[in-house]
**Q** 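If you scroll down you'll find the structure; I have some questions about it.
The shown structure was predicted, so the numbers you read here are calculated from the model rather than taken from an experiment.
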Amino acid sequence: MSLFKRLYRWVDLRVGIGEIADKELTGYLLPRNINAWYSLGSVLMVAFAIQVVTGMLLLVYYVPDAEKAFKSVNFIMNEVPFGWLIRLCHAVGSNTMIAALILHMLSTLVMGSYKSPRELNWLSGFLLFTLVQGISLTGYLAPWSQLSFWATTVATNSVSALPVAGPGMVEFLRGGKLVGPATLGRFFALHVAFLPLVISVVIVVHIFLLKRTGISAPPFGRSDTKTPWQAERYRYQSHPGGIPFFPNYMLEDTTSICIYLAIFLGVVFFWPSMPFTPDAFVPADPFKTPAHIKPEWYFLANYQTLKIFPNELLGLTVQGAAMTLLALLPFADRSPERHPLKRPLFLALVVGGILLWIALSVWGHLS
Ligand code: HEM
């Protein structure tokens, strides 16, 4: 017996690795009509892991000090061997991860997998959605460029429109009246310590909930579930006769991860300027307001909404109401029907919402 096999047997005898693999890999059965959209969750875990690893590598040379941050990022880009690659992967990765996040959210929306008994899966996912936006926003300040400085000034300014607590909240966020060195310290702490930890914990909760409810069967094709879910008692949704996670669905997950990596690396190598505007190459100057400061593409619709309304509070209220409605969707939409074509009103609302979001983003980009 080879040394490796003997080592495996020794550990297996004590930990039962074989039993875990039987239960969680070959014995973990998924709906036989499962589709590729279900692999986006795994894509997101890989995308998050890439952000964590590249972020840790950037920390080796990045200096979170208003005097030194911009120079340290330039040093990473120009002097550190492959520093440019790590930095570009981190900057592009935040964009591609958000794109994958939006697709994952949309797929669970269209397939109705947010419905009972998966309300908590949806809520934990929605929390991840806001936390990932938060980690992107706080990371944007790190290079301490004109783009970082003024985008953060605009983003934090909008909070001041909230009645009573607004101005105090802005001051708390910024660590002073204006964006300055204290803001960099706060955002840096949120970006590298607090938010990655909280996101990791919420991902674990999200997966735990998935393991407790069991994965939903897609509303298309020949389903294996005949009995509807009963609210009276807890029941794990199993899929007898379904396909094993390993090797079958892991192959699908791997394919989607490879497609994600191809797109992500395609942007890194062939469109490296994607996450940057010319202001990203100029150090922050609090006395020089650039002519056009725009947030990243995924915040453009929010930015434009604030501009449309005559007062900022109204814009913030509309956005807050839309977000609350989306978060509480499983409690508002209680019909058990999940097939999108059998929910025409809902489908029309989703398509209308997507078109509105695209229109506002394009408008925000061009304005
Ligand atoms: C870092 C972010 C996220 C990660 C790593 C993640 C991961 C996963 C994984 C691995 C699954 C199981 C396989 C699948 O259906 O894809 C899943 C399912 C699910 N996710 Fe997420 N997710 C994230 C964000 C979100 C967001 C933003 C939402 C919606 C607001 C969401 C809602 C759901 C729902 C409802 C399911 C259950 C699907 C079903 O059983 O059919 N997730 N997620």
Side-chain angles (χ1 to χ4, degrees), residues 55 64-66 69 94 98 101 105 123-202 205 279 284-290 292-328 357 360-361 364 367:
D65 178 306
S94 70
I98 292 208
L101 193 74
M105 203 167 159
L123 280 178
S124 58
F126 193 85
L127 187 58
L128 283 171
F129 177 61
T130 51
L131 290 170
V132 170
Q133 286 186 330
I135 206 167
S136 305
L137 193 84
T138 48
Y140 216 48
L141 186 64
W144 204 246
S145 64
Q146 275 291 70
L147 179 66
S148 319
F149 184 91
W150 290 100
T152 306
T153 300
V154 174
T156 46
N157 243 349
S158 55
V159 182
S160 64
L162 290 174
V164 193
M169 274 166 76
V170 178
E171 208 169 317
F172 175 70
L173 269 175
R174 290 179 174 169
K177 291 252 179 268
L178 301 169
V179 173
T183 326
L184 183 59
R186 272 155 204 245
F187 275 37
F188 178 72
L190 284 172
H191 186 72
V192 307
F194 186 76
L195 287 170
L197 194 72
V198 176
I199 290 175
S200 306
V201 172
V202 182
V205 171
D279 288 313
D285 183 348
F287 301 106
K288 223 186 262 164
T289 318
H292 305 287
I293 277 294
K294 298 272 167 67
E296 296 219 79
W297 60 271
Y298 43 85
F299 285 130
L300 277 173
N302 306 66
Y303 162 84
Q304 189 57 29
T305 311
L306 286 182
K307 285 203 335 198
I308 294 173
F309 288 96
N311 86 46
E312 274 202 331
L313 179 59
L314 197 61
L316 280 181
T317 312
V318 169
Q319 290 190 28
M323 283 290 120
T324 312
L325 198 75
L326 194 58
L328 300 180
W357 184 78
L360 283 168
S361 305
S367 67

**Q** Any chance you could lay out the side chain to side chain contact (heavy atoms under 4.5 Å, CB included) test for Asn157 and Arg174, step after step, and finish with the verdict?
**A** CA-CA 10 Å; Asn157 243 349; Arg174 290 179 174 169; 3.5 Å; yes

**Q** Side chain to side chain contact (heavy atoms under 4.5 Å, CB included) with Leu141: which of Leu147, Thr152, Thr153?
**A**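 Between Leu141 and the candidates, side chain to side chain contact (heavy atoms under 4.5 Å, CB included) is satisfied uniquely by Thr152.
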
**Q** If every non-hydrogen atom of Asn311 is compared with every non-hydrogen atom of Leu314, which pair is closest and at what distance?
**A**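 For Asn311 and Leu314, the tightest heavy-atom pair comes out as OD1-N, 2.9 Å.
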
**Q** Taking all non-hydrogen atoms of both residues, which atom of Gln146 and which atom of Asp285 are closest, and how far apart?
**A**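 So the minimum-distance heavy-atom pair works out to OE1-N, 2.7 Å.
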
**Q** Minimum heavy-atom separation for Ala193 and Pro196, please, with both atom names.
**A**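 Smallest heavy-atom distance, with atoms named: O-CD, 3.4 Å.
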
**Q** Does some side-chain heavy atom of Leu178 sit less than 4.5 Å from a side-chain heavy atom of Pro286?
**A**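 The answer is no; the side chains never approach within 4.5 Å.
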
**Q** Under the side chain to side chain contact (heavy atoms under 4.5 Å, CB included) rule, what do Ile98 and Glu296 come out as? Steps first, then yes or no, please.
**A** CA-CA 11 Å; Ile98 292 208; Glu296 296 219 79; over 6 Å; no

**Q** What are the two closest non-hydrogen atoms of Leu313 and Pro163, and how far apart are they?
**A**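 So the minimum-distance heavy-atom pair works out to CD1-CD, 3.5 Å.
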
**Q** Look only at the side chain of Ser145 and the backbone of Ala284, and say whether a donor-acceptor pair between them is shorter than 3.5 Å.
**A**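 Checked: no pair found.
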
**Q** Can any side-chain N or O of Arg186 pair as donor or acceptor with the backbone N or O of Phe172 at less than 3.5 Å?
**A**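 A pair under 3.5 Å: yes.
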
**Q** Short question: side chain of Ser136, backbone of Val132 - any donor-acceptor pair under 3.5 Å?
**A**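 Between the backbone of Val132 and the side chain of Ser136 there is a qualifying donor-acceptor contact (under 3.5 Å).
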
**Q** Are any of the side-chain heavy atoms of Ile308 and Leu360 separated by less than 4.5 Å?
**A**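 Sidechains of Leu360 and Ile308: in contact.
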
**Q** Would you say the side chain of Leu123 lies within less than 4.5 Å of the side chain of Leu127, judging by non-hydrogen atoms?
**A**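 No, every pair of side-chain atoms sits at 4.5 Å or beyond.
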
**Q** To the nearest 0.5 Å, how far apart are OG1 in Thr183 and CG in Leu173?
**A**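 Those atoms lie 9.0 Å apart.
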
**Q** Rounded to the nearest 0.5 Å, what's the gap from CH2 on Trp144 to CG on Leu184? Could you check?
**A**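 It comes to 5.5 Å.
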
**Q** Under a 3.5 Å distance rule, please check whether Glu312 uses its side chain to pair with a backbone N or O of Leu306 as donor and acceptor.
**A**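 Side chain of Glu312 to backbone of Leu306, a donor-acceptor pair under 3.5 Å: no, none is there.
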
**Q** Do you know the tightest heavy-atom contact between Thr156 and Phe187?
**A**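 Shortest heavy-atom separation between Thr156 and Phe187 comes out as CG2-CZ, 4.1 Å.
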
**Q** Counting only heavy atoms not in Phe309, do more than 12 fall under 6.0 Å of its CZ?
**A**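 Yes.
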
**Q** Run the ring pair (Phe, Tyr, Trp, His ring centres under 6.0 Å) test against Phe299 and tell me which residues pass, sequence neighbours left out.
**A**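 With sequence neighbours excluded, Phe299 shows a ring pair (Phe, Tyr, Trp, His ring centres under 6.0 Å) to no residue whatsoever.
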
**Q** Does Lys177 have any salt bridge (Lys or Arg N to Asp or Glu O under 4.0 Å) partners at least two apart in sequence or in another chain, and if so, which?
**A**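 Scan of Lys177 (salt bridge (Lys or Arg N to Asp or Glu O under 4.0 Å), adjacent residues dropped) gives Glu171.
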
**Q** Measure the CD1-CZ distance between Ile135 and Phe194 for me, rounded to the nearest 0.5 Å.
**A**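 That separation rounds to 11.0 Å.
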
**Q** Any side-chain heavy atom of Trp297 within less than 4.5 Å of one from Ser361?
**A**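 No, too far: nothing below the 4.5 Å cut-off.
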
**Q** Measuring from Leu197:CG to Leu190:CG, what's the distance to the nearest 0.5 Å?
**A**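 Nearest 0.5 Å value for the CG-CG distance: 12.0 Å.
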
**Q** Roughly how far, to the nearest 0.5 Å, is CE of Met323 from OG1 of Thr130?
**A**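 The CE atom of Met323 is 9.5 Å from OG1 of Thr130, to the nearest 0.5 Å.
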
**Q** Once you round to the nearest 0.5 Å, how far does CD1 of Ile293 lie from CH2 of Trp150?
**A**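 Reported to 0.5 Å precision, the distance equals 8.5 Å.
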
**Q** Return the minimal non-hydrogen interatomic distance between Ala161 and Leu316, and the atom names on each side.
**A**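 In this case the closest contact between Ala161 and Leu316 is CB-CD1, 4.0 Å.
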
**Q** Got Val154 and Pro295 here, is their nearest side-chain heavy-atom distance under 4.5 Å?
**A**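 SC-SC contact between Val154 and Pro295 ruled out.
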
